Amino acid sequence: MLAVKLLPATALLVATLGILSCNQSSSNGSDAAAGSSGVKTADGYVYRDLNKNGKLDVYEDGRQPVEARVDDLLKQMTLEEKAGLMFINGAKVNDDGSIGDQPGKGMFAFVPNAVKLVNEKKMTHFNLWVVPSPASLAKWYNNMQRYLQDSTRLGIPMTIASDPRNHFSSNVFAMAANTFSQWCEPLGLGAIGDSALTRHFADVSRREYLAVGIRESLHPQIDLSTEPRWPRISGTFGEDAQLTARMAKAYILGYQGDKLDSNSVATMTKHFPGGGPQKEGLDPHFPFQKGQVYPGKNFNYHLIPFEAAFEAHTAAIMPYYGVPMGQTSENVGFSYNKEIITGLLRNTYHYDGVVCTDWGLVTDANMGGVVWPARAWGVEKLSREERVKKIIDAGVDQFGGEDCAEIVVQLVKGGKLTEARIDSSARRLLRQKFELGLFEDPFVDEAKVGQIVGNPESLKAGEAAQRRAMTLLKNQDKVLPLAQGKLKIYVRNIDSAVAARYGTVVSQPEKADIAILRLKTPFVPVESPIMMAKMFHHGDLDFKGKQKDSILQLLKTVPTIVDIYLDRPAVIPEISAKARGLLADFGASDAAVLDVIFGKDKPGGHLPIELPSSMDAVRAQKEDVPYDSKSPLYKFGFGLSY
């Protein structure tokens, strides 16, 4: 039983590299254009004969109820095909959009070939990281859907998922935006606090995703950033449960609509039941920290955003890696924990959507000779087979970043799992495909990709959000906004060519009327043989040593406007004291920052996270409690305006 009383219901990038690459073999994929030749019935109904039997099956008939179609398809599926549904892994997109097995590049050389996983593992779910271009992605997507239609026994269409692609971001979990519209990060949407804008953002992203074939978002991330050192704060809406609940509901509705249909992108909301309260902010992607802690006995507070997600009917839920220490009868990771998945999520909240693990819970990954252990926290001594069984027994439907479908088959054939249990997960996964309209028409219009992805209106809306999210923290003597074109300015960490549009750029601070300095929240790389662990922004939040001295020297030399990018709360009392003006951004271009500083746009944000006054105050905070540091420098919700 949970150790807390439940509230009543109210709603990688490659950092997820738990994925496992197969030994890839060549496969000549089709470059056929989108579309399919349908079969017409006597009464004029056109359908896709996916199982090639020359007749209209119930599952091929879009006029039939979804549950009847699922029933019909399940009866025709082999155990191997059902097991394949339960795995989602990375896939490689070739530069030319073909689906053959071409060599990978650089750090992505390990990414598997999707055709191989279809043929050998019967998989039909894939997630994508870096892609060559939207046009190449759309072409690859259509070629894969054509392959599944023509070359597999039942023609079950593919579902493509992605981490966020629409943010101006240096976050390791956000894909490079490329030509997709670039908005502020989710933390910036929290700073703006406008549900209508958040829904509009999600709707724009939805249209861009649909254009290239992405039908499931591995977001929103609705964890609460109650531990300020946690590296994943920029992907959240902040530390306040009610604010996050409002943003989560708007976000999900923007992607899915009121119900899943052919115009929807299904949301996989994460990380149930809240991944924010990490001990000392260390992330459980890595073996140096495996447990979430609740010193403030505040477990229920982290459920509030998920209650909003349930109200919005999120299509899928992803639990996090960590162990909820002391909250259940066994200290095991969330996806291994039956009291969390079946007891809380299924039984208490009556959630019947897809539950998918976070990536890499079963199999160790070899990263350039360094073994990154599976995130099987609390069950490290179990075999891979025992881990798979325990996850399924807990109530999970799908394995992220894994492709070991054969283990599920072995467990059923060995009498350790029933096929009926596999059917229950397969049913949820198939239902989602039917609701998304993938069985009727899974293809995209390649000719329209360039008209939709990153169109001028969407780009303009994203750039406006970058500016609106900026939060004014200090404006001594109303120095801001600056007068454009009239000042000699010294800039640091800003493109001088961009700055020259606003004033005369000088090379020395002593010659300037004013300096403009862009900073980022500091971090301290952890000691770990795993390269990805070093890329996560862990550790202290304050500037130190020569870096701090250099900043303060500039502030002493010339009146300075400081802008700081907050991917985590920064501890900046001395900088705040000496700066003439201080702003925070949540993912913004140099032009966006300068437009606000020079008054072309106004800052519209309010802090979705408090800024502590010292690292001592940070260390004294309770990991599960919001805005609880002693005498914060800037409180949650603070924000000035012009």
Side-chain angles (χ1 to χ4, degrees), residues 29-30 32-88 99 114-115 117-126 141-160 213 215-216 259-264 266 315-316 352-354 397-398 405 408-409 412 418-444:
S30 167
S36 63
S37 56
V39 178
K40 185 178 290 187
T41 64
D43 62 359
Y45 179 72
V46 178
Y47 71 98
R48 299 166 69 218
D49 186 15
L50 296 171
N51 62 2
K52 301 95 177 161
N53 66 355
K55 67 177 184 179
L56 175 61
D57 290 83
V58 173
Y59 87 90
E60 297 165 341
D61 189 345
R63 301 167 298 183
Q64 298 293 329
V66 167
E67 293 307 317
R69 300 178 75 187
V70 172
D71 286 341
D72 182 59
L73 182 52
L74 271 176
K75 291 174 184 176
Q76 298 190 43
M77 293 177 73
T78 65
L79 174 60
E80 288 76 10
E81 289 163 341
K82 295 172 186 177
L85 282 173
M86 297 177 68
F87 291 83
I88 177 171
I99 60 176
V115 170
L117 294 179
V118 168
N119 291 337
E120 296 185 0
K121 307 288 187 172
K122 312 303 178 189
M123 288 172 58
T124 62
H125 294 84
F126 301 97
Y141 172 83
N142 279 338
N143 286 335
M144 279 300 304
Q145 293 289 23
R146 173 72 69 177
Y147 183 86
L148 284 155
Q149 171 189 277
D150 295 344
S151 302
T152 64
R153 199 176 68 87
L154 296 172
I156 297 171
M158 171 181 70
T159 304
I160 290 296
R215 299 306 304 275
E216 185 161 32
K259 66 175 183 178
L260 283 190
D261 60 24
S262 60
N263 294 310
S264 300
D352 194 36
V354 172
D397 301 304
Q398 195 170 41
V408 173
V409 175
V412 174
T418 66
E419 190 163 355
R421 169 63 188 88
I422 304 308
D423 285 352
S424 67
S425 288
R427 175 177 295 279
R428 294 187 183 101
L429 292 157
L430 289 173
R431 182 189 296 140
Q432 186 180 108
K433 289 180 185 284
F434 280 113
E435 290 174 340
L436 289 172
L438 291 170
F439 280 87
E440 277 63 68
D441 183 9
F443 300 100
V444 301

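Owing to the predicted nature of the structure, the values given are computational and were not obtained by experimental measurement. Heavy-atom basis, side chains included; hydrogens, waters and symmetry copies ignored.
- One finds the CD1 atom of I99 at 11.0 Å from the CG atom of N142 (value rounded to the nearest 0.5 Å).
- Summarising the geometry of V118 relative to T152, their closest heavy-atom pair is CG1-CG2, 3.7 Å, with the distance given to 0.1 Å.
- Inter-residue side-chain proximity for Y59 and I156 is flagged as unmet; no heavy-atom pair is nearer than 4.5 Å.
- Side chain of R431 to backbone of V66: no donor-acceptor contact under 3.5 angstrom is found.
- Side chain of E80 to backbone of K122: no donor-acceptor contact under 3.5 angstrom is found.
- In this structure, CG on D441 lies 7.0 Å from CZ on R48, to the nearest 0.5 angstrom.
- Using a 4.5 Å heavy-atom cutoff, the side chains of D397 and M86 are not in contact.
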Determine, stepwise, if the pair D72 / Q64 fulfils side-chain contact (heavy atoms from CB on, under 4.5 Å). CA-CA 11 Å; D72 182 59; Q64 298 293 329; over 6 Å; no
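- The line from NZ of K259 to OG of S264 is 9.5 Å long, rounded to the nearest 0.5 Å.
- In this view, E435 satisfies the salt bridge (charged side-chain N to carboxylate O under 4.0 Å, His left out) rule with no residue, not counting sequence neighbours.
- Judged by distance alone, the side chain of R215 and the main-chain N or O of L436 form a donor-acceptor pair under 3.5 Å.
- Shortest non-hydrogen contact noted between R69 and V58 is CG-O, 3.5 Å.
- To the nearest 0.5 Å, atom CZ of residue F434 and atom CG of residue L73 are 5.0 Å apart.
- Shown here are the ring-ring contact (aromatic ring centres under 6.0 Å, His included) partners of F87, two or more places apart in sequence or in another chain: F399.
- S424 and R427 share no donor-acceptor pair across their side chains, judged by distance under 3.5 Å alone.
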Quick one: do R153 and T78 satisfy side-chain contact (heavy atoms from CB on, under 4.5 Å)? Show the steps, please. CA-CA 10 Å; R153 199 176 68 87; T78 65; 3.8 Å; yes
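- Put simply, the side chain of L85 reaches to within 4.5 Å of the side chain of M77, judged on heavy atoms.
- The side-chain heavy atoms of M144 and I160, taken from C-beta on, include no pair separated by under 4.5 Å.
- In this structure a side-chain-to-backbone donor-acceptor pair under 3.5 Å is missing from Y47 to T41.
- Between L148 and P157 the shortest heavy-atom distance is CD1-C, 4.2 Å.
- Taking all atoms of both residues into account, the shortest heavy-atom contact from A315 to A266 is CB-CB, 3.6 Å.
- The two residues R63 and D43 have their closest heavy-atom pair at NH1-OD2, 3.4 Å.
- The environment of K52 atom NZ is dense: over 12 non-hydrogen atoms of other residues, nucleotides or ligands sit within 6.0 angstrom.
- Contact of the D57 side chain with the Q76 side chain is registered, since non-hydrogen atoms from C-beta on lie closer than 4.5 Å.
- Contact between Q398 and V354 at its shortest, heavy atoms only, is OE1-CG1, 4.2 Å.
- A donor-acceptor pair under 3.5 Å links the side-chain atoms of D49 to the main chain of G54, judged by distance alone.
- L260 CG to K433 NZ: the interatomic distance, rounded to the nearest 0.5 Å, is 13.0 Å.
- Distance check: L56 CG to D61 CG gives 4.5 Å after rounding to the nearest 0.5 Å.
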